[in-house]
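Let me begin by presenting the structure, written as structure tokens, before commenting on it.
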Amino acid sequence: MHEADLPALHRLMVVARRLDEEAIALQRQGVFPAYAPAKGQEAAQVGSAAALDLARDFAFPCYRELGVAVAMGVDLVGYLATHLNVWHGGLYDPKASRLAPFNAVVGGPVTHAVGWAMGAKLDDTGGAAITYFGDGASSQGDVHEAMNFAGVYRLPVVFFCQNNGWAISVPTAEQVAGGSVAARAAGYGIEGVRVDGNDVVAVFEATRAALDRARDGGGPTVIEAMTYRMGPHSTSDDPGRYRTLEDERAWLDRDPLTRAAALLSADEVAAAEEHAATVVSGVRDGLLALKPPPAEELFSFVYREPTTALLEQQRVWKESLDSQ
């Protein structure tokens with residue numbers, strides 16, 4: 001997307017919201033063992049991902065970036081198949097999609113993005129990386145090392161922090177010294193930008209500017225998108241134990257979907273909802289139709305060259321099947 005197109009961005013956000021709601025329902029029904037909701041963060045995710053050039057850029061998500069996958073046009077059945085807990089990395093093609101498998105390690109994708117950016121610079125591909133992490137992850141040592149490395153080598157990478165107010169049950173004020181993730185960028189000699197993470201157009205424009213700067217040799221940028229996690233940290237979390245209903249209700253007026261819809265016609269909003277319902281229905285049917293992978297794959301993708309011990313385990317396993 002070359003320019004901010006509010007109707008198109010809103011349409012993507014609605015898909016992300018409704019699919020997120022369906023994913024929670026699937027977890028409650030026992031289809032998914034667990035799920036990390038993204039409600040409230042659709043503008044940050046869709047706005048940033050829509051700014052990517054999928055012919056040359058690459059995104060490195062954490063575990064809450066459903067909106068990123070939606071905006072990048074990733075096969076959503078393949079993406080959400082990861083949550084079935086039978087495939088590692090899902091069933092979509094990360095290389096073709098330009099979206100790395102999502103990472104459950106807090107801050108884990110940040111170093112991966114910096115490594116990719118170093119390769120892009122050395123190979124002169126003209127592409128940039130974007131990596132997603134939360135305010136809690138910003139306190140991880142890996143994140144600081146990655147920012148320092150990227151700053152020293154002026155790498156084409158955008159560090160996109162979704163500051164949703166909570167590192168699980170710990171508020172940002174109690175775990176980010178100084179109160180700003182973007183302000184840390186100055187310590188690494190790189191750009192730091194704070195943006196309204198619930199304004200999809202503002203996020204798109206800030207991310208596009210950072211990506212353009214990265215591709216033009218201007219180095220990395222830290223974007224801190226100020227948003228709010230409207231739901232729990234995960235489907236096993238109870239946010240009522242650490243925050244109040246008043247706090248949650250105060251953010252309802254800042255809901256990114258509501259804000260975007262207020263600038264659109266009723267017909268545009270209705271069409272977006274109709275489209276989302278069709279997408280969600282198809283994704284649900286696709287997920288429920290998936291079968292577990294063949295058991296022999298346990299031996300197929302462990303090592304590039306199978307070890308003697310692994311081959312022996314495979315032999316014993318086959319013999320046990322034959323004897324049944």
Side-chain angles (χ1 to χ4, degrees), residues 1-4 44-45 47-62 65 68 71-72 94-95 97-103 105-163 176-195 197 202-226:
M1 192 178 296
H2 298 293
E3 300 293 336
Q45 295 183 6
S48 58
L52 292 166
D53 180 347
L54 299 184
R56 52 181 174 169
D57 298 335
F58 214 101
F60 294 81
C62 196
E65 275 70 55
V68 172
M72 293 180 69
K95 185 176 180 181
S97 302
R98 313 299 288 177
L99 178 71
F102 73 68
N103 198 321
V105 177
V106 176
V110 179
T111 50
H112 298 171
V114 169
W116 186 94
M118 172 62 89
K121 182 173 183 176
L122 292 174
D123 294 341
D124 195 24
T125 66
I130 187 169
T131 180
Y132 294 88
F133 56 100
D135 48 295
S138 73
S139 297
Q140 291 285 344
D142 284 0
V143 174
H144 294 279
E145 293 172 22
M147 289 182 180
N148 184 65
F149 190 91
V152 169
Y153 290 98
R154 310 303 296 166
L155 299 181
V157 58
V158 176
F159 298 98
F160 195 92
C161 175
Q162 295 175 83
N163 187 338
V176 175
S180 172
V181 177
R184 292 174 174 171
Y188 305 114
I190 61 182
E191 295 288 329
V193 177
R194 178 177 274 193
V195 65
V203 171
F204 175 88
E205 292 177 345
T207 308
R208 183 178 61 174
L211 289 167
D212 286 343
R213 181 164 52 247
R215 299 189 201 103
D216 292 341
T221 300
V222 176
I223 296 177
E224 183 180 17
M226 306 303 292

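As the structure is a computational prediction, the values presented were derived from the model and not from experiment.
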Would you check, one step at a time, whether the test side chain to side chain contact (heavy atoms under 4.5 Å, CB included) holds for D57 with I130? CA-CA 8 Å; D57 298 335; I130 187 169; over 6 Å; no
Do Q162 and E224 pass the side chain to side chain donor-acceptor pair (under 3.5 Å) test, and can you show the C-alpha distance, the side-chain angles, and the key distance before you say yes or no? CA-CA 6 Å; Q162 295 175 83; E224 183 180 17; over 6 Å; no
Chi angles and distances behind the side chain to side chain contact (heavy atoms under 4.5 Å, CB included) call for R184, V176: CA-CA 10 Å; R184 292 174 174 171; V176 175; 3.5 Å; yes
Applying side chain to side chain contact (heavy atoms under 4.5 Å, CB included), run through T221 and I190 and close with a yes or a no. CA-CA 6 Å; T221 300; I190 61 182; over 6 Å; no
Before you tell me yes or no, could you show the steps for F149 and T111 under side chain to side chain contact (heavy atoms under 4.5 Å, CB included), namely the whole-Å CA-CA distance, both residues' side-chain angles and the distance that decides it to 0.1 Å? CA-CA 9 Å; F149 190 91; T111 50; over 6 Å; no
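The shortest non-hydrogen separation linking A128 to L211 is CB-CD2, 3.9 Å. The heavy-atom pair separating M118 from Y153 by the smallest distance is CE-CG, 3.8 Å. Taking each heavy atom of M147 and F133 in turn, the nearest pair found is CE-CZ, 3.8 Å. When all heavy atoms of S48 and F160 are compared, the pair lying nearest together is CB-CE1, 3.6 Å. Taking each heavy atom of F159 and A146 in turn, the nearest pair found is CZ-O, 3.8 Å.
One finds no salt bridge joining R215 and D53 here, because no Lys/Arg side-chain nitrogen approaches an Asp/Glu carboxylate oxygen to under 4.0 Å. Classification of R213 and D216 as a salt-bridged pair fails, no side-chain N sitting under 4.0 Å from a carboxylate O.
A distance of 12.0 Å separates CZ of F58 from NE2 of H112, quoted to the nearest 0.5 Å. The CG atom of D135 sits 4.0 Å away from the CG atom of N163 when rounded to the nearest 0.5 Å.
Formation of a donor-acceptor pair under 3.5 Å by the R194 side chain with backbone atoms of M226 is not found in this model. Judged purely by atom type and a 3.5 angstrom limit, N103 uses its side chain to pair as donor or acceptor with the backbone of V105.
When each of P109, P94, P61 is checked for a side-chain contact (heavy atoms from CB on, under 4.5 Å) with F102, only P61 meets the rule.
The shortest side-chain heavy-atom distance between R56 and T125 does not fall under the 4.5 Å cut-off. Here the side chains of P220 and E191 are not in contact, with every heavy-atom distance at 4.5 Å or above. Contact check for I223 versus V158: side-chain heavy atoms found under the 4.5 Å cut-off. The side-chain heavy atoms of V110 and Y132, taken from C-beta on, include no pair separated by under 4.5 Å. Using a 4.5 Å heavy-atom threshold, the side chains of L54 and M72 count as touching.
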